[in-house]
Peer 1: 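This is the structure I want to talk about, given as structure tokens.
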Amino acid sequence: LKRPTVIFLTIAVILSAALQSLFAVFYVRISDFYLFSTLRKKIEKTARLSCGIEDSFAGFTKSRSIAILKLPSCTADRIILSGVTDHAVIMADKNVLVFSIYPSDTGARKHISFYMKNTGAVDFNYAGGLFGFRCGTGRSSYARNFYIMQGLYLIPPGLEAF
Amino acid sequence: VKKILFCLILLIISNNIFVFIYGICAYCRASDYVNKQQENYILDSALTLALHAHEDNILLPEIEKEFRLKGIGAGFVLKKLDTGKIYIKVYIKERNKAVYREYLKDTAVPLPARAAPPITAVSASAPVPATITASALQTPHIAASPSPTVIAVPTFTLLK
């Protein structure tokens, strides 16, 4: 091989390796963020529909790992039933987040339950009228807070809460 | 040797192309996320403005207002329903799609009325308070208001 070719190839390989390691670093960071973003979508949708936080429900007790949100019940036509509430329970346990809906007898929502794996450590906070959650995967931690106040209900675009 | 080098260069080139395409996809996804968050903040702001407008004009049966936030047109419509509840629609004016949210405000819990300031006779010799405490400046109807909603706090924090 000629000398210029060797120099060119060496520079190309070093440059490429440097850029791709940079890409790997950003990829790891952005994957954490995408995880948080996915969780945020689920939790935010429920929090926006919510009209209050329950201290305990069906054997669950509000804590840093369990959030119990009250959702106003609605009919299939999205008409809110006054004074009737469904319950959404979000439970964090060892990198698994479990979402469950417990509908009222009169509402049109169905019972649904599903879980997400590899969520990192998730914990909830309830300070000062806020409901929030924090999601951490060891490298970084993201948080989001919501006001949940009583007296005003978001008319749900659909029946699903998550 | 030349074949090996050729394969190595081909690998590097194809890998770099993949990284480039992935970067564009990641950028598009992040851009969607930012747009969605911006929509959320504008709608939340519109809702807050609607509620304040209602508190300030509690007797009006209908309030409608449009405004611009960061160059984006938004607005709200607030109507009193026959059932006694209040219907609030907040929206963003976009060319391609309708972005809006609808709320029902329960008025079963009445807002505390704003108390009129007491009219008292002040004598010329009455002492003038030297300082006004912060609590005296607070409007009680706001502090005690059971007001509405689920409003996302416009903070997005990255905790180290």
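Letters A, B, ... mirror the listed sequences (proteins, then strands); counts begin at 1.
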Peer 1: With only heavy atoms counted, which part of A:L154 is less than 4.5 Å from chain B, the side chain, the backbone, both or neither?
Peer 2: both
Peer 1: Counting only non-hydrogen atoms closer than 4.5 Å, does A:F131 touch chain B with its backbone (N, CA, C, O), its side chain (CB onward), both, or neither?
Peer 2: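 When you check distances to chain B, no heavy atom of A:F131 falls under 4.5 Å.
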Peer 1: Kindly assign one of parallel, tilted or perpendicular to the pair A:H87 and A:F57, based on the angle between their ring planes and the thresholds 30° and 60°.
Peer 2: parallel
Peer 1: Only one of A:R48, A:K42, A:K41 passes salt bridge (Lys or Arg N to Asp or Glu O under 4.0 Å) with A:E44; say which it is.
Peer 2: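 Running salt bridge (Lys or Arg N to Asp or Glu O under 4.0 Å) over A:R48, A:K42, A:K41 with A:E44 returns exactly one hit, A:R48.
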Peer 1: Whether the B:Y91 and B:E66 side chains hold a donor-acceptor pair (N or O, under 3.5 Å, no angle test) is what I'd like checked.
Peer 2: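 Distance-only check passes for B:Y91 and B:E66.
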Peer 1: By a 4.5 Å heavy-atom criterion (distance strictly below it), what part of B:I86 contacts chain A: side chain, backbone, both, or neither?
Peer 2: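 The answer is neither part of B:I86.
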Peer 1: Once you round to the nearest 0.5 Å, how far does CG of A:D86 lie from CG of A:D105?
Peer 2: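 Here the interatomic distance stands at 10.0 Å.
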Peer 1: Please flag which part of B:K36 lies under 4.5 Å from any non-hydrogen atom of chain A: side chain, backbone, both or neither.
Peer 2: neither
